[in-house]
Amino acid sequence: MVGSTAPEPTERGVQPKERRRLWTLPLGIWSLLAVGAGALIGTVAPGVGEGMKILGDIFLNLVQMVVIPLVFPLIVLGISRMESVKKVGRIAGKAILYFEVVTTIILVMAVSLAKLTNIGAGAPVAGASTADLQKLNQGIDFRELILHAVPKNVFAAFSEGNLLATITFAVFVGIGMAALGSKVEPVERVLDGLAQIMFKVVGYVIRFAPVGILGFISYDVAHYGVGNLASLLGFIAVVYVGLAIVLAVIFPLIALIFRVRYIDLVKSIGGLAGIAFVTRSSEAVLAPLLQKLEKFGLNRSTTSFVVPLGYSFNTDGSVLYQAVALVFIANAYGTTPGFLTLLLMVGVLVILSKGMAGVASASVVVLIAAGNTVGLPPQGVALLLGVDFIVDMARTAVNVVGNSLAAAVIDRSERKVAAKEEARRLSNDNNRPAETLAGEAADTHRLEQSKEAMRS
């Protein structure tokens, strides 16, 4: 209209847009800013830094608040929608076998690396204090571990955040729903709705990650300082080199064997691995990790079962740390481990590392138990506590990548099984060779999975 006043985008439009840009920075940028701010606060004002730990604790509480309500319906739905109980057992068997083989390979590599570098020789273990170990259990009761995985009260298991017991109960519920078929479709819709709600809540919670990171870094720098680093830099370096070998050599080789797009996978979950690194908590990224893996193209029924199971039985970064630490302690006390002793260390850790589920300060507890088994004193473990938070960050991030790769490998294997079954069915229907139809079936199955991922 003539005489109307035109809007003023330069004054009233651009300024709010610039403010919006500030608040819509990527989560990774905010996390890096939080790391820098936390390190500064912890250094300049240690008293304030220690008090800011509450921010990290609040963030972890928010994460743990949604883990069980999300994992339970996902596992139930994933199993109830599988074709048979046989498939559930097959996936579980593959996952456990994969976990055992990969962790054993990593243990052998870690022990060899620690032995080659002679890590720990001359370390000042005489002044190590075991006061910080008194509050930890110095052993693992496998009877209690088994009972821990089979809940007598599912509501108590839910309230305690007992992930392993939740998985057990969810498997039984999923099998029961699969047996009932269409009769339980209303229950499936309710559980699917609950899962969608929890995914949305996770999106809200993860926005608070930089605040939690700020709290954790401020506390770590203020509480631990850098005094213990000088004498243990070699130990830290060997652990980080070992974890780098796992990420850059062992995992890519596994991905190559099973034809998993490893680089793309790491790009997809890299931000979550970074959050796990600074928060030192795998649970902090469990829910968004399941979302990322599904967007990557993995089947939800596979990831929702394999990843939570891996959180209990596939701690790749943690077992590497424990192996290096045992050799470090042995060398520090002048006990040069021979070949048979090294094999014993590997065997003990293979067994004990599977007992980490539900144990507080799991890596330290397993390390103490393994040290006792091979005759090493706990004072050596006490010496390492001063730098535990530094290596804990890296081993937690590697655990996240390792479980993501495990899910991708199992999913790839299941796709091959599905393709063969489809080819066999088509061959029976059309009297055509199964080998000729296998490629067609695989392409059809991949197309259906992609459509399903896009719909979700």
Side-chain angles (χ1 to χ4, degrees), residues 63-64 66-85 87-96 98-99 149 154 157-158 161-178 184 187-203 206 260 265 268-269 272 282-314 357 399-415 417-418 449-450 452-456:
V63 169
Q64 291 167 357
V66 298
V67 166
I68 298 297
L70 175 64
V71 169
F72 176 74
L74 286 180
I75 294 177
V76 171
L77 290 171
I79 292 175
S80 68
R81 291 170 179 172
M82 290 184 186
E83 293 83 356
S84 64
V85 176
K87 182 176 180 180
V88 179
R90 184 174 67 235
I91 291 179
K94 287 179 181 178
I96 296 297
Y98 175 91
F99 298 158
V154 295
F158 289 170
N162 186 339
L163 189 59
L164 198 55
T166 300
I167 293 172
T168 302
F169 180 62
V171 168
F172 278 102
V173 174
I175 292 173
M177 289 179 62
V184 294
V187 179
E188 284 192 353
R189 287 195 292 270
V190 170
L191 289 175
D192 190 56
L194 175 62
Q196 296 304 319
I197 293 171
M198 287 300 104
F199 273 128
K200 181 62 70 174
V201 173
V202 166
I206 208 67
V260 173
L265 177 65
S268 177
I269 65 168
L272 297 179
S282 298
E283 281 193 352
V285 297
L286 174 56
L289 181 64
L290 295 175
Q291 282 184 305
K292 286 287 187 181
L293 292 176
E294 189 174 350
K295 289 180 181 179
F296 182 70
L298 306 187
N299 192 301
R300 176 183 288 186
S301 63
T302 303
T303 58
S304 60
F305 183 71
V306 173
V307 174
L309 192 65
Y311 268 45
S312 297
F313 295 102
N314 187 43
N399 289 344
V400 171
V401 178
N403 281 307
S404 301
L405 178 61
V409 168
I410 304 303
D411 184 75
R412 175 76 178 178
S413 175
E414 284 301 299
R415 289 174 189 269
V417 172
Q449 294 293 335
S450 298
E452 180 183 340
M454 292 176 65
R455 284 196 298 270
S456 59

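Sequence positions, counted from 1, serve as the residue numbers for this chain.
- Identified under the side-chain hydrogen bond (donor to acceptor under 3.5 Å, both in side chains) test for residues 69-80, with sequence neighbours left out: Ser80-Glu188.
- If you take CZ on Arg300 and CG on Leu77, they are separated by 7.5 Å, rounding to the nearest 0.5 Å.
- Contact annotation: the side chain of Leu74 approaches that of Phe199 to within less than 4.5 Å [non-hydrogen atoms, C-beta and beyond].
- Partners of Ser301 according to the side-chain hydrogen bond (donor to acceptor under 3.5 Å, both in side chains) rule, which considers only residues two or more places apart in sequence or in another chain, are Asn299.
- Listed by chain and number, the residues in a side-chain hydrogen bond (donor to acceptor under 3.5 Å, both in side chains) with Ser304 amount to none (sequence neighbours excluded).
- Between Asp411 and Leu293, the closest side-chain pair of non-hydrogen atoms is not below 4.5 Å.
- For Thr166, the side-chain contact (heavy atoms from CB on, under 4.5 Å) test picks out Ile68, Phe72, Phe158, with sequence neighbours left out.
- Take Leu194 and apply the side-chain contact (heavy atoms from CB on, under 4.5 Å) test, not counting sequence neighbours, and it matches Pro73, Met198.
- For Val409, the side-chain contact (heavy atoms from CB on, under 4.5 Å) partners are Tyr98, Ile254, Phe258, Val260, Leu405, not counting sequence neighbours.
- Not counting sequence neighbours, Ser268 has no partner by the side-chain hydrogen bond (donor to acceptor under 3.5 Å, both in side chains) test.
- Of the inter-residue distances, the one linking Leu70 atom CG with Gln196 atom CD reads 9.5 Å to the nearest 0.5 angstrom.
- Lys292 pairs by the salt bridge (Lys or Arg N to Asp or Glu O under 4.0 Å) definition with nothing, not counting sequence neighbours.
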